[in-house]
Amino acid sequence: MINKLKITFLFGVFMMIFSSNMMKAQLKQGELVDGIAAVIGDEIVLESDVNEQMNYAKQQGAANNVSKCDFLENLLNNKLLVYEAKKDTLIENRSAAIKDQANAKYQQLLSQFPDEKTMLTAYKFRNGYEMKNAIEKIDTDTYYGQAKYQRVTEKADVTPNEVTDFYNQYKSQLPEIKDEISLAQIEMTPKLTEAHKQDLINRLKKIKADIQGGETFESQARIYSEDEGSTANGGLYKNINKGQMVKSFEATALNLQEGELSEPVESEFGYHLIQLVKKSGKQYDARHILLKATPTDDEIKTAKAKLDSIRGLIIDGKMTFKDAAFKFSDDKRTKFNGGVIPGSDGSNKIERESVPGTISYELAGLNKNDITTAFDDVDDRQRKVVKIIKIEDVIPAHQIKLETDYDRIKQMALNKKKGEMVEKFVNSKLPTTFISIDGRYDDCQLKGSWKKDSIKK
C-alpha cells in the first residue's frame with residue numbers, strides 16, 4: 001500500500017519530524033518520564049520516540065490505516081541504520097563536530113530568548129545539559145542514518161519499464177496533484193557602497209585595536225558580532241574541518257599563527273575579524289567577529305533599479321530570461337538552470353499554496369510568461385536580496401498521470417526501490433544483531449524478523 005510506502009524506509013522524513021518535535025514534548029506531573037521501547041545493538045528507541053512520530057503524523061493527516069506498530073518498525077529500521085553506520089569505516093566519524101554543532105545550535109536558540117531559564121521552560125527541559133544532549137542525539141541519528149541510507153542505496157536506479165510498472169500497480173492510490181506553478185527567478189544581492197564597506201572595516205579595526213589594548217576577543221564578540229551561531233560562545237567555532245567554512249574565512253584563518261588576529265576580511269556574509277585559536281591536522285578552532293553586509297534602503301533601491309532595467313531588456317526581446325539569470329543572478333542554486341526554482345520533490349513544480357507570502361503577493365494577477373517588477377525579499381540565509389520572478393508555467397489540479405508527471409512518478413518508483421534495498425540490507429543484519437523489544441509490542445505483526453531473544457553480536 002502507498003500509505004505504508006510513505007512510512008517504511010523513507011529515512012529523513014521522520015528524523016526531521018523528530019528533530020522539530022522532540023524538544024516540544026510535554027510531561028504532566030506524576031507521568032512516567034519515558035520508557036525503552038526497543039534496543040537494537042547499542043541503539044535505543046524510546047517510547048516517546050514512537051509517540052512523537054504518531055502524534056505528528058496524525059496532525060498532518062498521514063496516519064490513516066497506520067498502526068503504532070508501523071511507527072515502531074520505522075524507528076527500528078532507522079536505528080539499525082544508525083547502528084551499522086557507526087561501524088562502517090567508510091563513514092566519517094563526526095561525533096566531535098556534531099557535539100560542537102549541538103552547542104552552537106543551543107547558543108543560537110538561546111539568543112532568541114531573554115535568558116536560559118525562559119528557553120528551557122519553553123522547550124520543557126530541566127537544564128541546559130539535558131537540552132544539549134537531546135540536540136546532539138537528534139543530529140547524531142540524522143547524520144549516521146542518512147549516511148548509511150546513502151551508502152546502501154547509492155546504486156539505485158529505475159528503468160522506464162519499471163516506472164510504467166510502478167504506475168500501473170499503484171495508480172489508484174497515487175495522490176491528486178494540487179494547483180501548481182513553475183517559477184524562475186533572478187536574484188541579486190544589493191551591493192554596498194564603498195563608504196559603507198569602509199565603515200564596516202573601520203569598525204572592525206577599532207575592535208581589533210581594543211583587543212590589542214587589553215579587551216578580550218570573547219567579550220568583544222559577545223558585544224559586537226552579528227553571527228547568531230557563535231556570539232554567545234565568544235565567537236568560537238571548534239573542530240572546524242578544512243573546507244567547511246567559506247574560502248576567504250578559511251584561507252585567512254589558516255594563514256594566522258595561533259592567537260594572532262587578522263585584518264578585516266570580506267566574505268559573502270559580511271566582514272570578519274578572525275583569531276586562530278588552535279590548528280591540529282585537518283581541523284582548527286577559530287574565533288571571529290562578524291559585521292553583516294546588511295544593505296541600506298538606498299543600496300536596495302539601486303539594486304531594484306538595475307534589476308528592473310534587466311527586466312526591460314527581457315521584455316523587449318533583447319535577452320532571454322535564461323541568459324539574464326546566468327549572467328546576473330547571484331543565486332547559485334538557480335542561475336545555471338535558467339533561474340528555475342526547484343520544488344520540494346526535486347521537480348520544477350511548486351504547489352501554489354506553498355509559495356511564500358511575499359512572492360505570492362507579487363505574483364497576484366500575473367499569468368504564464370509574465371515577469372514581476374523588482375521587489376525585495378530575503379534568501380535562504382535570511383540576507384536581504386532583490387528579485388524578479390517569471391511564471392514559467394501554470395498547472396491546474398489533476399490526477400497524476402504517466403504522460404504528464406513522468407519525472408514525479410519516476411522519483412516515487414526510485415524511492416520504492418531504495419526502500420526495498422534498505423529492507424534487504426536490514427533483514428541481512430537481523431540474525432547477527434542484538435534486538436530486544438518491550439513486551440507492550442508483543443501483539444505487533446512486524447514485517448521484519450525483529451522479535452527474538454537476545455543474540456550475541
Between Asn93 and Ser95, is the side chain to side chain donor-acceptor pair (under 3.5 Å) condition met? List the steps. CA-CA 6 Å; Asn93 185 330; Ser95 300; 2.8 Å; yes
Which is it for Asn77 and Glu73 under the side chain to side chain donor-acceptor pair (under 3.5 Å) test, yes or no, and what are the steps along the way? CA-CA 6 Å; Asn77 283 295; Glu73 187 155 20; 4.6 Å; no
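Applying the ring-ring contact (aromatic ring centres under 6.0 Å, His included) test to every pair with at least one member in residues 187-230, sequence neighbours left out, gives no pairs at all. Identified under the ring-ring contact (aromatic ring centres under 6.0 Å, His included) test for residues 278-304, with sequence neighbours left out: Tyr237-His288, Phe249-His288, His272-His288.
With respect to the salt-bridge test (charged N to carboxylate O, under 4.0 angstrom), the residues Asp49 and Lys79 do not qualify. Taking the charged nitrogens against the carboxylate oxygens, Arg333 and Glu187 have no contact shorter than 4.0 Å, which rules out a salt bridge. With respect to the salt-bridge test (charged N to carboxylate O, under 4.0 angstrom), the residues Lys417 and Glu420 do not qualify. Between Glu423 and Lys447 a salt bridge is recorded (basic side-chain N to carboxylate O distance below 4.0 Å).
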Only pairs under 3.5 Å count here: list side-chain donor-acceptor contacts from residues 251-259, not counting sequence neighbours, and write none if there are none.
residue, atom, partner, partner atom, Å
Thr252, OG1, Ser248, O, 2.8
Asn255, ND2, Ala251, O, 2.8
Glu258, OE2, Lys279, N, 3.2

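With rounding to the nearest 0.5 angstrom, the CD1 atom of Ile240 is 8.0 Å from the CG atom of Leu236.
In the model, Tyr106 has no side-chain atom that pairs as donor or acceptor with a side-chain atom of Glu136 under 3.5 Å.
The ring-ring contact (aromatic ring centres under 6.0 Å, His included) check on Tyr361 picks up nothing, with sequence neighbours excluded. Considering only residues two or more places apart in sequence or on other chains, Tyr143 meets the ring-ring contact (aromatic ring centres under 6.0 Å, His included) condition with none of them. Under the rule for a side chain to side chain contact (heavy atoms under 4.5 Å, CB included), the partners of Thr121 that lie at least two apart in sequence or sit in another chain are Lys117.
With a 6.0 Å radius and a threshold of 12 heavy atoms from other residues, nucleotides or ligands, Glu176 has its CD atom above the threshold.
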